[in-house]
Amino acid sequence: MSGIARYNGKSSFKEWQQDWQNEERYNFRTIENKWQKIWENEKVYKVEIDTNKPKFYALVEFPYPSGAGLHVGHPRSYTALDVIARKKRMQGFNVLYPMGFDAFGLPAENYAIKTGVHPAISTKANIENFTRQLKSLGFCFDWDRCFATCDPEYFKWTQWMFIQFWKHGLAYKDKMAINWCPSCKVGLANEEVVNGCCERCGAQVVRRDKEQWMLAITKYADRLINDLDTVDFIDRVKSTQINWIGRSEGAELEFALTDNNGNDLGKKMVVYTTRPDTTFGVTYTVMAPEHHFVKELMDKYQNPDEVQNYINEASKKSELQRTSDTTKTGVELKGIKARNPFNGELIPVFISDYVLTGYGTGAIMAVPAHDQRDYDFAKVFNLPIIQVLAGGDISKEAWEEDGEHINSGFMNGMDKKDAMAAAIKFAEEGGFGKAKVNFKLRDWVFSRQRYWGEPIPMVYCEHCGWQPIDESQLPLMLPDVPDYRPNDNGDSPLANAKDWVETTCPKCGGKARRETDVMPNWAGSSWYFLRYCDPHNDKEFASKEALKYWMNVDWYNGGMEHTTLHLLYSRFWHKFLYDCGYVPMPEPYQKRTSHGMILAADGEKMSKSRGNVINPDEIVENYGADTFRLYEMFIGPFDQVAMWSDESLNGVYRFVSKIYALFKKVYGNEVPMSPEDTRAMHKCIIEVTERIDQMKFNTAVSSMMTYVNYMSNMEKIPAQMYETLLKLLAPFTPHIAEEMWARLGHSSFIVAQDWPEGDAKLAEDNVVTLGVQMNGKMRGTITVSKDASKEETEAEALKLENVARQLEGKTIKKIIVVPGRIVNIVAA
RNA sequence: GCGGAUAUGGUGAAAUUGGCAGACACGCCAGACUUAGGAUCUGGUGCCGCAAGGCGUAAGAGUUCAAGUCUCUUUAUCCGCACCA
C-alpha cells in the first residue's frame, strides 16, 4: 500500500502525525476524499471467485439514471446492504456487492423528443453523474462489474434470452388492447397512465387493439406461488405476490347455446366458476361484450342494433371507467338461450361489461342468490333468484356465506366440500365440464411502441411467419431515427427507420420486416443479477462456473413497489432459464427485504414541484458521507417510512465528531480495562452484531452511541476499546473508521480486519437491579448479586422503606421472584 | 369491499418477546466556558402535584401476581388490490 497517500502526502507516519496532532476539528472532506481515492486505486473492493472462502452475494436494486440524480431514498437501501456486505467481509466471507444501471426507459426518450438529444447521450451523462454520486458515498461496490442494461454487450443477451423464450413457445404474439394517447399518438405503458390520463399531456387514454408480444408467465403461476416456501422473503412480499397471482380453484362448465325453442346452435359457451356446486341456482348467463361468440351469433339476435350499441359503448370506456362504475348495465341477447347442463333449463344470455374479457373464459353463469354482483344485475333486469344454499335473507341481498344445499337435486343436504366434489364429478361424467384452476395473473405484455429499449430480435416473413434473427447477428442494435415520436399508426419510432425495418428472412432469405416494438424496461432488470457474476463474458451471459459460485443472491433489498413487477418478472425469467439448464437454481433470491420510503420534512413525498427535495450532494458537501450514511441508518426502523430531519442529521454529525474527538484520549493497551469497561465493550459488540443481522440499524447505532458516551466519561481510553469501536463503525462510517485506524498506526485496511467477537459472559453484570412491585405497582428497586437466592432477594425487597410503608395493615399473600427480572409482593 | 401494515413524551423512536415503559437521539430549560462555532461541556426534562402520591403506550373490555406486549370489540391513519365469477 502506498504510504504517501495514506499519510496525506507525508513520507512517514511520524510526519503525518504532527499534522493531525495540531488539527482541531473533524475534517470529513479531507478524510473522505483521501480514502475514496485509496480504495479506488488499490481496488480494495474488487472481488474474484475464491473457492476457499464462503461467498455472500448482497444485492440492491440498481437505479434508473434519471437526470435529477440520486435521491436520498437510494442510499437508504444501498447503505443498509453496504453495512451488511462490509460486516460479512470482516466476518470472512467473499462478498459480491455490485452496482449497475437500469438504463433503458422513458424519461430519456421523452427528453429526446423535447430536445433532440439522443437518449444514449443523455443516459451516458446521467450514468456518469450517478456514478460520481455513488462513489462519493463510499459504498464497497466492485465497480469493475458495473454495466448498464443499454450496453450492447449486455442487451445482446437480453435479446438472446427472448429468442429462447420464443423457441420454447413462451413468447407469442397476440392482439391486446393497449393504452393509446390520441393526443401524443403514442402507445403508453401502464406506468404512464395516471388516473386514466396520459402522464405527459393529460389527455384521456383510450383502448386500442394492437398485436403485442407476450411472455407466458401464467405457465409458471403455480411454481411462482409454491416456491415461495423455499425462500426467505418478508411476509408482506410473499402475501402480495400470492394475492397478485390470485390462484382460485373451481370448474369450467359448458352451457350449450340454443335458439328460443331449444334448438342447438352448435356453440358451447364455457363459463368459469369457483362454485360449481351452486349450478342449480343459475338463472341467467353473461358474456363479456368482447366475447367472440357475441359477434359470431349476430345474425341470430332479434335486437342486433341494441347489442352492437352496447359493444360500441363498452369499447369506448377506459378500463378505469369500466371498473369504477359498479352499477350494472347490459343487454339481453334476444333470440338465444343457454341450457343449464345440470337441469336442462333454458335461461337468458346477456352481455355486460361487469364480466371481464381477460379473466376465466370471459363468460359466467350467474347465481344471483349467492353472488352480490349477480344479485344486483338480476334486480336491474328483473331476473329470478333461486336460493340453493340455506341461510341469509335473499329478499334483501345475496347470501355469500356457506349453508346446506337446497333446491339442488343430487346435492341437497350436502355441505360445500362434498357438493363441490359431487358437482365436478357430475360434470366430468356428463362430459360438459371439468375442474379448473384459474389465476388473476395475466401473461406479460412485452412490447412497447417506443424507441429507447432493446429491439425485439424478430422478423416477419410472408412465407415463414415470425422468425428470430440468427443468434450470431446479436446484438441487434437500435437504428438512428430522425424523430423519436411514433407514427400515426401507433407504431414505434423504429418504424420510421425504413432501411432498418426492411430485411431478409433468416429462414428463406425472402423479404421480411423487422419487429419495430421494443422491450419494456422490466426486461433488462430481469436477469441483471446473473450478469454481475461474470460481467465481461462475451461467450455466454455468464459462465456456469461463476453462476455456480455466486448464485443465489443471498440477500436482496429493494422497494415494495417492485413486488408484483420486477420481483415477480425476474423470478419467472430465472425459472425459465433454470428449466433450460442455464442457471443452477430455480429461485434467484434467497432472502428479500424491503426498506421504507424517505419523506420530506413536511411529511410529503419529495418532489420537484413541492420544492422539498433534499439533494444528497449537498448533504455530503456539508456533513460528509459518513454522517449521511449513519443518519440514514439512524433515521428510524428500516422497513418503515421515515421523515427527513435536519436536526437529527445534525445530532448524528455531533456523534461522528465525538468519535473523532475521542481519539485524543486513546492510550495504548498498557491502560488497564476494568470489568465494567469490558462489559460495556462486549455489550456493544453483541448488540451491534445482532442488530445488523436483523436490520435494526437504528438501534445498532444507539448501542454505539451508548458505548461512545461511556468512553467520553473515561480519562484514558485503552486502545482496544477504541479499536473495537472503529471496527463496529467501519460498516456504517467507513471513512472515519479507516482514518482513525490508520492514525492508530495500523498499516492494513480496517475492512481486512476480523469482526469483533462478543462474549456474552463478559457482557454480563455480576450485580443486577431488580424492580420491586407491590400488587403489580412499582415501589422501588433493589440491587442484588447476579445469582442471589430467592430468599435473599425477598429479604432485600422487604427492607425497602417504601415497601414497609405500603405493607402497613396488610398481610403478604405471596412473593413472586423472577431472577434477574422482578420481585412482586402480593398483599391484601 | 378484500388483503397488509401502523398507532408509545413536545419530536424521531426503544423495550432482550409477558417482568423497572420512554434506551438512544432531537428539541426545550438551567448553568459553565470560549479563539462566538454548525460551537463545546455539565445537569434537568412523560403528565398532574410543594410533597406523599396519583395517572400514563389510540379507545373499551378480558386473561394474569404482572400487559405496550396475549385474547376479543371499536376507532383512526397509511399502503397494495379492486366487478377476478
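By convention in this document, chain letters (A, B, ...) are assigned in the order of the sequence lines, proteins followed by strands, and residues within each chain are numbered from 1.
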Engineer: If I take atom CG in residue A:Asp374 and atom C1' in nucleotide B:rA85, what distance separates them, rounded to the nearest angstrom?
Structural biologist: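 The answer, rounded to whole Å, is 7 Å.
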Engineer: Using the glycosidic torsion, which applies to B:rG9: syn (within 90° of 0) or anti (everything else)?
Structural biologist: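 What B:rG9 shows is a syn base, its glycosidic angle lying within 90° of 0.
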Engineer: Could you tell me how far B:rC20 sits from B:rC70 if I compare only their P atoms? Round to whole Å.
Structural biologist: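 Straight-line distance between the two P atoms is 16 Å.
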Engineer: Mind checking A:Asn698 for me? I need base, sugar-phosphate or nothing, with any heavy atom below 4.0 Å counting as a touch.
Structural biologist: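 Counting heavy atoms under 4.0 Å across all strands, the contact made by A:Asn698 is with sugar-phosphate only.
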Engineer: Among the nucleotides B:rA25, B:rG38, B:rC20, which one has an atom lying closest to any side-chain atom of A:Asn650?
Structural biologist: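 Nucleotide nearest to A:Asn650's side chain: B:rG38.
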Engineer: Report yes if the distance between the aromatic ring centroids of A:Phe377 and A:Tyr284 is under 6.0 Å, otherwise no.
Structural biologist: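 Yes; A:Tyr284 has its ring centre under 6.0 Å from that of A:Phe377.
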Engineer: Based on the glycosidic angle (syn within 90° of 0, else anti), state the conformation of B:rU73.
Structural biologist: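 What B:rU73 shows is an anti base, its glycosidic angle lying more than 90° from 0.
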Engineer: As a test of reading the structure: which of B:rG38, B:rC24, B:rC20 is closest to the side chain of A:Ser702, going by heavy atoms?
Structural biologist: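 Per side-chain heavy atoms of A:Ser702, the pick is B:rC24.
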Engineer: Indicate, yes or no, whether a donor-acceptor pair under 3.5 Å links the base of B:rG38 to the side chain of A:Tyr653.
Structural biologist: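 Not at all, since no donor on one side and acceptor on the other fall under 3.5 Å apart.
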Engineer: Which is more 5' along RNA chain B, the nucleotide nearest A:Thr273 or the one nearest A:Val826? Just name the residue.
Structural biologist: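 So the residue in question is A:Val826.
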Engineer: Closest-nucleotide mapping onto RNA chain B: is A:Val823 or A:Thr274 further toward the 5' terminus? I mean the 5' end.
Structural biologist: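 Closer to the 5' end of RNA chain B: A:Val823.
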Engineer: Quick one: A:Leu599 CG to B:rG12 C1', roughly how many Å, whole number?
Structural biologist: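 A:Leu599 atom CG is separated from B:rG12 atom C1' by 13 Å.
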Engineer: Would you mind checking if A:Arg275 and A:Asp402 are paired as a salt bridge, meaning a charged N to carboxylate O distance below 4.0 Å?
Structural biologist: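 Judged by the 4.0 Å cut-off on N to carboxylate O distance, A:Asp402 and A:Arg275 do form a salt bridge.
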Engineer: Nearest to the side chain of A:Met778, heavy atoms from C-beta on, is which of B:rC20, B:rC65, B:rA23?
Structural biologist: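 The answer is B:rC20.
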Engineer: Does B:rA51 have a Watson-Crick or wobble partner in any strand here, with both distances under 3.5 angstrom, and which is it?
Structural biologist: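 Result: none.
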Engineer: Would one find a side-chain N or O of A:Arg654 under 4.0 angstrom from OP1 or OP2 of B:rG27?
Structural biologist: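 Looking at the OP1 and OP2 atoms of B:rG27, one of them is under 4.0 Å from a side-chain N or O of A:Arg654.
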Engineer: What is the distance, to the nearest angstrom, from the CZ atom on A:Phe255 to the P atom on B:rA85?
Structural biologist: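 Result: 16 Å.
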Engineer: Would you check if the side chain of A:Asn824 reaches a backbone N or O of A:Ile816 as a donor-acceptor pair within less than 3.5 Å?
Structural biologist: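 No; judged by distance alone, with no hydrogens or angles, the pair does not exist.
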Engineer: Can you check whether A:Trp399 and A:Tyr375 have ring centres sitting under 6.0 Å from each other?
Structural biologist: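 Aromatic pair excluded; centres sit 6.0 Å or further apart.
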Engineer: Given 3.5 Å as the limit, does a donor-acceptor pair link the side chain of A:His370 with the main chain of A:Leu389, or not?
Structural biologist: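 Flag set: sc A:His370 to bb A:Leu389 pair under 3.5 Å.
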Engineer: Side-chain N or O of A:Arg25 versus OP1/OP2 of B:rU40: is the shortest distance under 4.0 Å?
Structural biologist: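 A:Arg25 to B:rU40 OP1/OP2: no side-chain N or O under 4.0 Å.
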Engineer: Check whether any side-chain N or O of A:Asn243 sits under 4.0 Å from OP1 or OP2 of B:rG4, and answer yes or no.
Structural biologist: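 Checking A:Asn243 against B:rG4: no side-chain N or O falls below 4.0 Å of OP1 or OP2.
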Engineer: At 4.0 Å (heavy atoms only), tell me whether A:Ile815 reaches a base, stays on the sugar-phosphate, or touches nothing.
Structural biologist: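 Contact class for A:Ile815: none.
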Engineer: Under 4.0 Å between a side-chain N/O of A:Tyr359 and OP1 or OP2 of B:rA85, yes or no?
Structural biologist: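 Looking at the OP1 and OP2 atoms of B:rA85, one of them is under 4.0 Å from a side-chain N or O of A:Tyr359.
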Engineer: If you look at every strand shown and take non-hydrogen atoms under 4.0 Å, does A:Asp235 touch a base, only sugar-phosphate, or nothing?
Structural biologist: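 Answer is nothing: A:Asp235 stays at 4.0 Å or more from every strand.
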Engineer: Between A:Glu796 and A:Lys799, is there a side-chain N and carboxylate O pair less than 4.0 Å apart?
Structural biologist: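 A:Lys799 and A:Glu796: salt-bridged.
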Engineer: Quote, to the nearest angstrom, the P distance that separates B:rG22 from B:rA14.
Structural biologist: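 Going atom to atom, P in each nucleotide, I get 15 Å.
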Engineer: Let's see if you can work this out: which of B:rC83, B:rU42, B:rC20 has an atom nearest to the side-chain heavy atoms of A:Asp353?
Structural biologist: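 The answer is B:rC83, which lies nearest to the side chain.
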Engineer: At 4.0 Å (heavy atoms only), tell me whether A:Asp646 reaches a base, stays on the sugar-phosphate, or touches nothing.
Structural biologist: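 Since no nucleic acid heavy atom lies under 4.0 Å of A:Asp646, the category is nothing.
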Engineer: In whole Å, what separates the P atom of B:rA76 from that of B:rA59?
Structural biologist: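 Pairwise P distance, B:rA76 against B:rA59, rounds to 15 Å.
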Engineer: Check the distance between B:rC20's C1' and A:Lys777's NZ and give it to me in whole angstrom.
Structural biologist: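 Answer to the nearest Å: 15 Å.
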Engineer: Hey, does the side chain of A:Ser248 come within less than 4.0 Å of B:rA85's phosphate (OP1/OP2), counting only N and O?
Structural biologist: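 Yes, because at least one side-chain N or O of A:Ser248 sits under 4.0 Å from OP1 or OP2 of B:rA85.
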Engineer: Counting only Watson-Crick or G-U wobble pairs whose two distances fall under 3.5 Å, which nucleotide matches B:rC81?
Structural biologist: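 By the stated definition (distances under 3.5 Å), B:rG1 pairs with B:rC81.
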Engineer: Measuring from the side chain of A:Lys696 (C-beta onward, heavy atoms only), which nucleotide among B:rA15, B:rA13, B:rA66 has the closest atom?
Structural biologist: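 Closest of the options to the side chain of A:Lys696: B:rA15.
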Engineer: Closest approach to the side chain of A:Thr240, judged atom by atom: which nucleotide of B:rA85, B:rC41, B:rG80 is it?
Structural biologist: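 My answer, after comparing the listed nucleotides, is B:rG80.
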Engineer: Distance between the C1' atoms of B:rA21 and B:rC55, in whole angstroms?
Structural biologist: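 Result for the C1' pair: 14 Å, nearest Å.
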Engineer: How is A:Glu647 classified with respect to the nucleic acid when contacts are heavy atoms under 4.0 Å: base, sugar-phosphate, or nothing?
Structural biologist: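 Contact class for A:Glu647: sugar-phosphate only.
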Engineer: Counting only Watson-Crick pairs (N1-N3 plus N6-O4 or O6-N4) and G-U wobbles (N1-O2, O6-N3), all under 3.5 Å, who is the partner of B:rG68?
Structural biologist: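 Per the H-bond distance test, none.
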Engineer: Within the modelled atom types, does a donor on one side and an acceptor on the other bring the side chain of A:Lys328 and the base of B:rC83 under 3.5 Å apart?
Structural biologist: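 Such a pair is found, so the answer is yes.
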Engineer: Please check the phosphate of B:rA23 (OP1 and OP2 only) for any side-chain N or O of A:Asn709 closer than 4.0 Å.
Structural biologist: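 No, A:Asn709 has no side-chain N/O under 4.0 Å of OP1/OP2 on B:rA23.
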Engineer: Taking any heavy-atom pair under 4.0 Å as a contact, classify A:Arg442: base, sugar-phosphate, or nothing.
Structural biologist: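 Base contact.
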Engineer: Roughly how far apart, to the nearest Å, are B:rG37 and B:rU69 at atom C1'?
Structural biologist: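 Between the two C1' atoms, the distance is 45 Å.
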Engineer: Base, sugar-phosphate, or nothing: which does A:Lys436 touch, judged by heavy atoms less than 4.0 Å apart?
Structural biologist: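 It contacts nothing in the nucleic acid.
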Engineer: Within this structure, what is the NE2-to-P distance between A:His595 and B:rA5, rounded to whole angstrom?
Structural biologist: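 Nearest whole value for this atom pair: 19 Å.
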Engineer: Are A:Glu61 and A:Arg592 ion-paired here, with the side-chain N under 4.0 Å from a carboxylate O?
Structural biologist: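 Yes, charged N to carboxylate O under 4.0 Å.
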Engineer: If you look at every strand shown and take non-hydrogen atoms under 4.0 Å, does A:Val701 touch a base, only sugar-phosphate, or nothing?
Structural biologist: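 Touches nothing.
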Engineer: Between B:rG3 atom P and A:Lys440 atom NZ, what is the distance in whole Å?
Structural biologist: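 Taking atom P of B:rG3 as the reference, NZ of A:Lys440 is at 11 Å.
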Engineer: When the P atoms of B:rU71 and B:rG18 are compared, how many Å lie between them, rounded to an integer?
Structural biologist: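 Those two atoms are separated by 11 Å.
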Engineer: With respect to the side chain of A:Phe28, which nucleotide from B:rG38, B:rG19, B:rA14 is positioned closest?
Structural biologist: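 The nucleotide sitting nearest to the side chain is B:rG38.
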Engineer: Does OP1 or OP2 of B:rA85 have a side-chain N or O of A:Arg275 closer than 4.0 Å?
Structural biologist: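 No, A:Arg275 has no side-chain N/O under 4.0 Å of OP1/OP2 on B:rA85.
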Engineer: Which part of the nucleic acid does A:Ser645 contact within heavy-atom distance under 4.0 Å: base, sugar-phosphate only, or nothing?
Structural biologist: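 Here A:Ser645 touches no strand at all.
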Engineer: Which listed nucleotide (B:rC65, B:rG53, B:rA25) is nearest to the side chain of A:Lys814?
Structural biologist: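 Of B:rC65, B:rG53, B:rA25, B:rC65 is nearest to the side chain of A:Lys814.
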Engineer: Measure the distance from NZ on A:Lys664 to P on B:rU40 and round it to the nearest whole Å.
Structural biologist: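 So the two atoms are 14 Å apart, to the nearest Å.
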Engineer: Base, sugar-phosphate, or nothing for A:Gly360, non-hydrogen atoms under 4.0 angstrom?
Structural biologist: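 Nothing, no nucleic acid heavy atom in range.
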Engineer: Charged N to carboxylate O below 4.0 Å: is that the case for A:Arg679 and A:Asp765?
Structural biologist: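 The answer is yes: the pair qualifies as a salt bridge.
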Engineer: Would you confirm whether A:Gln640, through its side chain, and A:Gly596, through its main-chain N or O, come within 3.5 Å as a donor-acceptor pair?
Structural biologist: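 Answer holds: no.
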Engineer: Can you say whether the rings of A:Tyr631 and A:Trp644 are parallel (under 30°), tilted (30 to 60°) or perpendicular (over 60°)?
Structural biologist: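 Taking A:Trp644 first and then A:Tyr631, their aromatic rings stand perpendicular (interplane angle over 60°).
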Engineer: From C-beta outward on A:Asn824, which listed nucleotide comes closest to its side chain: B:rG19, B:rC26, B:rA85?
Structural biologist: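 So the side chain of A:Asn824 is nearest to B:rG19.
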Engineer: If I take atom CE in residue A:Met643 and atom P in nucleotide B:rC26, what distance separates them, rounded to the nearest angstrom?
Structural biologist: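 Distance check: A:Met643 CE to B:rC26 P gives 18 Å.
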